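Down below is the structure, laid out as structure tokens.
The structure displayed is predicted, hence computed values, not measured ones. The figures here come from the full heavy-atom set of this structure, side chains too, leaving out hydrogens, waters and symmetry mates. Counting starts at 1 for both ligands and their atoms, following the listed order.
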Amino acid sequence: MNLKDKIQRLRKEKKAVILAHNYQRPEIQDIADYVGDSIELSRKAMLEQDAEIILFAAVDFMAESAALLNPSKKVLLPSLGARCPMAQMLTVDEIKRLKVHYPNAPVVLYVNTLASSKAYCDICCTSANAVEVVNSLDADTVLFGPDRNLSEYVAEKTGKTLIPIPEWGFCPTHLLFQPEDVTVLKQQYPNAVVMVHPECSAEMRRTADFVGSTSKMCQYARETPAKTIIVGTEEGLLHRLRKENPEKQFIIAYADAVCPNMKLTTLDRVYTSLKNEKYVVRVPDSIAKKARIALEHMFQVKNSA
Ligand code: 13P
Ligand code: SF4
């Protein structure tokens with residue numbers, strides 16, 4: 001029996017569901033029950049009534065959100081090292097420090113944060129709904145973290161003042177994209193359109209016809225009449241884009257844009273994880289209660305994707 005068959009057998013035996021982020025390796029996306037962006041995966045985790053185990057093929061903060069929203073289920077992260085470096089950039093102390101300076105400003109945190117930080121915010125957002133979440137608040141000044149680029153993007157779209165916390169939080173993978181690479185590609189493919197993730201720099205965003213979360217980019221790719229699309233996000237998304245749009249051509253704006261943490265999930269690790277029911281993601285009750293409220297507030301926002 002090959003590894004994929006073994007995983008299928010274990011999945012049935014253990015009533016497990018496999019959720020995979022759009023940046024996962026192709027072979028992981030192909031065996032998953034569901035592939036999506038962070039808000040879609042959180043929603044899916046909430047709706048999984050029948051499953052006893054949720055195996056989260058992604059990084060730490062996404063699995064933590066699933067555990068927060070599904071306290072009765074066992075949530076597994078196949079590789080303990082799969083940690084989002086951006087999520088580690090914001091500490092609770094930094095939030096507390098800025099709150100002293102801006103006591104009336106609500107705190108909005110990107111889901112790319114640890115549960116301990118979420119417990120200190122008013123509401124969470126993802127890249128798919130950050131603009132709607134900030135617009136839903138009755139405040140013109142908002143503390144927003146940890147991604148500085150997303151914060152600038154939301155400030156542009158909402159006209160509100162966003163104070164970035166920390167001052168320079170970033171995604172190391174999205175920082176690799178440079179506008180000059182797009183210029184060269186546009187010369188090669190003059191009819192191509194460009195879509196990028198809001199974690200890219202402002203200069204990169206200015207080259208784009210469309211800016212959005214990974215799943216919103218999938219939607220744009222389906223709907224645009226353009227036949228060639230230059231993509232400014234982690235290269236894993238191209239597997240899904242090509243599968244869903246075989247007649248279109250997708251070109252990554254920078255070939256080495258790989259999130260090493262997302263790629264730690266392999267078929268071997270998924271198998272071992274299901275077999276040994278490791279690693280179980282647990283959030284202490286005192287943190288979970290408050291962090292869950294911040295996620296629930298996000299789901300209450302109209303049009304929150
Ligand atoms: P999405 O919510 O767009 O999938 O983004 C998550 C992420 O980690 C981007 O780097
Ligand atoms: Fe974190 Fe960037 Fe990887 Fe997304 S791509 S998980 S933000 S390091």
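Those atoms of ligand 1 with a heavy atom of H174 less than 4.0 angstrom away are 10 (O). Counting atoms of ligand 1 from 1 in the listed order, those under 4.0 Å from a heavy atom of N112 are 7 (C), 8 (O). Atoms of ligand 2 lying under 4.0 Å from at least one heavy atom of N112, given by number and element, are 7 (S). Annotation for ligand 1: atoms under 4.0 Å from non-hydrogen atoms of E199 are 7 (C), 9 (C), 10 (O). If you number the atoms of ligand 1 from 1 as listed, the ones under 4.0 Å from a heavy atom of S213 come out as 3 (O).
Checked for salt-bridge contact, R148 and E152 meet the test: a charged N lies under 4.0 Å from a carboxylate O.
For E234, no heavy-atom contact with ligand 1 is shorter than 4.0 Å. Only side-chain heavy atoms of H197 come within less than 4.0 Å of ligand 1; its backbone N, CA, C and O stay farther off. The residue T126 has no part lying near ligand 1, judged by heavy-atom distances below 4.0 Å.
Distance alone, capped at 3.5 Å, is enough to place a donor-acceptor pair between the K160 side chain and the V134 backbone. Panel note: side chain E94, backbone T91; no donor-acceptor pair is recorded below 3.5 Å. A donor-acceptor pair is defined here as one N or O able to donate and one able to accept, closer than 3.5 Å; such a pair exists between the side chain of R25 and the backbone of K263.
Residue-ligand proximity: E199 is placed with a non-hydrogen atom under 4.0 Å from ligand 2. Contact annotation: M262 has no heavy atom less than 4.0 Å from any atom of ligand 1. The closest approach between a heavy atom of K216 and any atom of ligand 1 is not below 4.0 Å. Heavy atoms of S127 come nearer than 4.0 angstrom to ligand 1 in at least one pair.
Residue I123 holds its CD1 atom at 10.0 Å from CG of L295, rounded to the nearest 0.5 Å.
Taking 4.5 Å as the limit, every side-chain heavy atom of M195 sits out of range of all side-chain heavy atoms of V211.
Between the side chains of Q88 and D60, a donor-acceptor pair is found at a separation under 3.5 Å.
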